[in-house]
J.: 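Quick one: the structure is below, and I'll ask about it shortly.
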Amino acid sequence: MSPSAVSGSHHHRNHSLLADKAALLAFKKTIVFDPKYMLASWSEDGDVCSFTGVRCDKHRQSVVKLNLSRGAITGPLSPIISNLSGLRSLSLSENNFYGIIPPKFSSLHHLHYLFLYSNSLHGPFPEFLSVLPNLTVLSLSGNHLTGTLPPSFFSNCTSLANIDLSQNLLTGQIPEEIGNCPGIWNLNLYNNQFTGELPASLANISELYNIDVEYNNLTGELPGNIIGKLYSVVSLHLSYNNMFSHDHNTNLEPFFTALANCTELEELEMAGMNLGGRLPSSIGRLSVNLDTMLLQENRISGMIPSEIAHLSNLTVLNLTSNSLNGTIPAEINQMSSLEQLFLSHNLLTGAIPAALGQLPRLGLLDLSNNQLSGEIPASLGNLVRLSFMFLNNNLLSGTIPPSLGQCTDLSKLDLSHNRLTGSIPTEISGLREIRRFLNLSHNHLDGPLPIELSKLENVEEIDVSSNNLSGSVFFQISSCIAVKLINFSHNSIEGHLPDSIGDLKNLESFDVSGNHLSGGIPTSLNRIQSLSFLNLSFNNFAGVIPSGGVFNTVTEKSFSGNPHLCGTVYGMPKCSHKRNWFHSRLLILFVLVTFAATILTATCCVIGIRRIKATVSSGNSEDTELTHYHGRVERVVDSSLMRASRDQSPEVKRMWEVAITELAELGILCTQESPTTRPTMLDAADDLDRLKRYLGGDTTATFASSLGISSSTLSDD
């Protein structure tokens, strides 16, 4: 080559690269926001081939690739990019580019790859792309493109291999001309508004690997005549369209027979199409590679064919929300690869097959909302990988098998709305990985509320409502530090609510309505900032409703059915000044009783009680002491407190009388000189504990059992 020719070539190369650099710098000026500083290296004095995201050809003659994807860049999609005449690959995906796709992009004749997905582009589908004969990959998904697909696009772009136009607003029919692109292996058109039938010319694209047209308005008979010729198809996604099965939506056999030709098929999704008919036995002849089959939300009826067990590599089977009846085939244990099984919302009957316990990889089991009966198989405890188990809303009976405690990976367990009996197994403590919820509600479970529930430190929801559970709410409940919802309502739980409930910092909903709980409402509940729902109705709570926190937002519905409550909550009776004054002194008496319990338990001899004896006694015999002190307690009790007691309701007067009387009786007995007539320390402590519970609202306590005093049994009057 002559020196002049070399010089001319060098001049042309520099001129082309300088023009590309100028175009890129002009493009940079249009950018509104560059939070990741993707364009920081783009400068006048910089090497254009070293700009971030820029690649030049090996001779450094022109920019051939521009990749600014995932940069969170904001700005218009500038037509200045079309000045990069040698560009082969343009990737601006996952940014915030807006506007239309510039028509000047039609001058990018060397462009092979165009990635503009996940932006905010709008306007009609760019028909001018049909003049780019080398275009191989087109990805425009996740924008706001409208209009129809021009037939010319598929007529001219015969090199197309990968098309992704999903998640836009495209309408009209899929052009028949798509069959002119025999090299297409991936076709993603899901989440648009396409209508009409799938074009028959798709059968010409023999190398088609993936077809995804879900979430459109496609109609027509299931395309068995097309699919049966696509021997290489691996993924077939037709869900949520308006197609129907053969013979007026009553026959699935022809389609499944054609589908058996797709020997490479791994994913079959035909959910939400209202398909009618029965599952044919030919379902067992589908590809041995089939991994996922989603047929939920249809009108499929009849029994589950036992031949389905031939799909030994199936990992996900979803038949939810159909009209399937009959029993679950025992042959299902042959599907050893199964990881997720959804059969809920059908009409299945009979027992849960014990063979389900032989599926070693099963991680999700949903048999809810059927008519299954019999006992829960103990073999389900063998499913050690199980994370979700839903057996709710059936007719299951018998007890909860303790073997479920072996499913230590369980995150969700729902056995609610059945006919289960017996107690909650203590093995439930083995389910410490339960993170979402434990729901045993609406059964016939009995026995005490198991303290083992306190070991579920990660659980977010505990619901054992509407059973026959007894016992009390244990203070260790505060160990459930992640819990957001507790529902113990409609049982036979009694005793006091522990103050430790206030330590549940994440609690949002607390319902213990319809039980036999008594005593005061723990003030600690007002410390839980997240608590928004509180239901303590229909119990035996007494005293003043606390204030602050959740108590400032709830209504009287949270406390109805507790006639001995008062407070400032709207709709609840107000506490009178006298009643508040008297109850504050009654609280002092409660503290005194607690103090007396400490002293008497240690010595059963209190000098102050001797003063009561000396004042009240009118004789030397024990009988005289116990007979004549009644009615004379005003000598040892502050006179203002005595006057206040006379103004109280009969119920409060009765509480006052019992408290003073029992404390005096105990004091007299504890000061007897003869050891044989004095109560033991344990008896004294027991009697004081009964008195404490009575003052706290337990009006069913008696005081005769420990000391032999003929005190009356207290009733609810």
J.: So, do Leu517 and Leu497 sit near enough that their side-chain heavy atoms are less than 4.5 Å apart?
T.: yes
J.: Which distance, rounded to the nearest 0.5 Å, do you find between the CG of Leu343 and the CG of Leu317?
T.: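 Output value for this atom pair is 6.0 Å.
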J.: Got a sec: does the NZ of Lys557 have more than 12 other heavy atoms crowding it under 6.0 Å?
T.: no
J.: How close do Leu565 and Phe541 get, heavy atom to heavy atom, and via which atoms?
T.: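 Residues Leu565 and Phe541, closest heavy atoms: CG-O, 3.7 Å.
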J.: Taking the side chain as C-beta and beyond, is there a heavy-atom pair between Ile528 and Phe510 under 4.5 Å?
T.: no
J.: Nearest 0.5 Å please: distance from the CG atom of Leu362 over to the CZ atom of Arg385.
T.: 10.5 Å
J.: Should Leu449 and Asn491 count as side-chain neighbours, where that means a heavy-atom distance under 4.5 Å?
T.: no
J.: With no hydrogens and no angle check, is any side-chain donor or acceptor of Asn394 less than 3.5 Å from a backbone partner on Leu372?
T.: yes
J.: Would a distance-only check, ignoring hydrogens and angles, find a side-chain to backbone donor-acceptor pair under 3.5 Å from Asp446 to Asn468?
T.: no
J.: Counting distance only, does the side-chain N/O of Asn322 pair as donor-acceptor with the main-chain N or O of Leu324 below 3.5 Å?
T.: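 No; judged by distance alone, with no hydrogens or angles, the pair does not exist.
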J.: Which residue pairs satisfy the side chain to side chain donor-acceptor pair (under 3.5 Å) criterion with at least one member in residues 497-510, sequence neighbours excluded?
T.: Asp503-Arg527
J.: Measuring from atom NZ of Lys455 to atom OG of Ser479, what distance do you get when rounded to the nearest 0.5 angstrom?
T.: 10.5 Å
J.: Please examine the side chains of His444 and Arg419, heavy atoms only from C-beta on, and report whether any two atoms are closer than 4.5 Å.
T.: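 Yes; the side chains approach each other to less than 4.5 Å.
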J.: Counting distance only, does the side-chain N/O of Ser387 pair as donor-acceptor with the main-chain N or O of Gly363 below 3.5 Å?
T.: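 Confirmed, Ser387 side chain pairs with Gly363 backbone.
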J.: With a 4.5 Å limit on heavy-atom distance, are the side chains of Ser397 and Asn418 in contact?
T.: no
J.: Surrounding NZ of Lys484 (heavy atoms of other residues, nucleotides or ligands, distance under 6.0 Å), is the total greater than 12?
T.: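 Not more than 12 within 6.0 Å, no.
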J.: Mind checking ring-ring contact (aromatic ring centres under 6.0 Å, His included) for His490 and listing every partner two or more places apart, or none if nothing turns up?
T.: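 Scan of His490 (ring-ring contact (aromatic ring centres under 6.0 Å, His included), adjacent residues dropped) gives none.
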J.: CG of Leu456 to CG of Leu410: how many Å apart, nearest 0.5 Å?
T.: 11.0 Å
J.: Calculate, to the nearest 0.5 Å, the distance between atoms OG1 and CD belonging to Thr349 and Gln371 respectively.
T.: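 Between Thr349 OG1 and Gln371 CD, I get 7.0 Å after rounding to 0.5 Å.
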J.: With the side chain counted from C-beta on, respond yes when Asn562 and Ile521 share a heavy-atom pair under 4.5 Å apart, and no when they do not.
T.: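 They are not in side-chain contact.
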J.: Is Val473 close to Pro498 at the side-chain level, that is, under 4.5 Å between some pair of heavy atoms?
T.: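 Pro498 reaches Val473 side chain to side chain.
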J.: Looking at Asn515, is its backbone amide N or carbonyl O close enough to the side chain of Asn539 to form a donor-acceptor pair, meaning the two atoms are under 3.5 Å apart?
T.: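 Between the backbone of Asn515 and the side chain of Asn539 there is a qualifying donor-acceptor contact (under 3.5 Å).
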J.: Tell me whether the count of non-hydrogen atoms from other residues, nucleotides or ligands lying under 6.0 Å of CZ in Phe388 goes above 12.
T.: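 Yes - once you tally the heavy atoms of other residues, nucleotides and ligands closer than 6.0 Å, there are more than 12.
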J.: Do His496 and Ser472 have side chains that approach each other closer than 4.5 Å (heavy atoms only, starting at C-beta)?
T.: no
J.: Using only atom types and a distance under 3.5 Å, with no angle test, would you say the side chain of Asn552 pairs donor to acceptor with the backbone of Val550?
T.: no
J.: To the nearest 0.5 Å, what is the distance between CG (Leu396) and CD1 (Ile352)?
T.: 4.5 Å
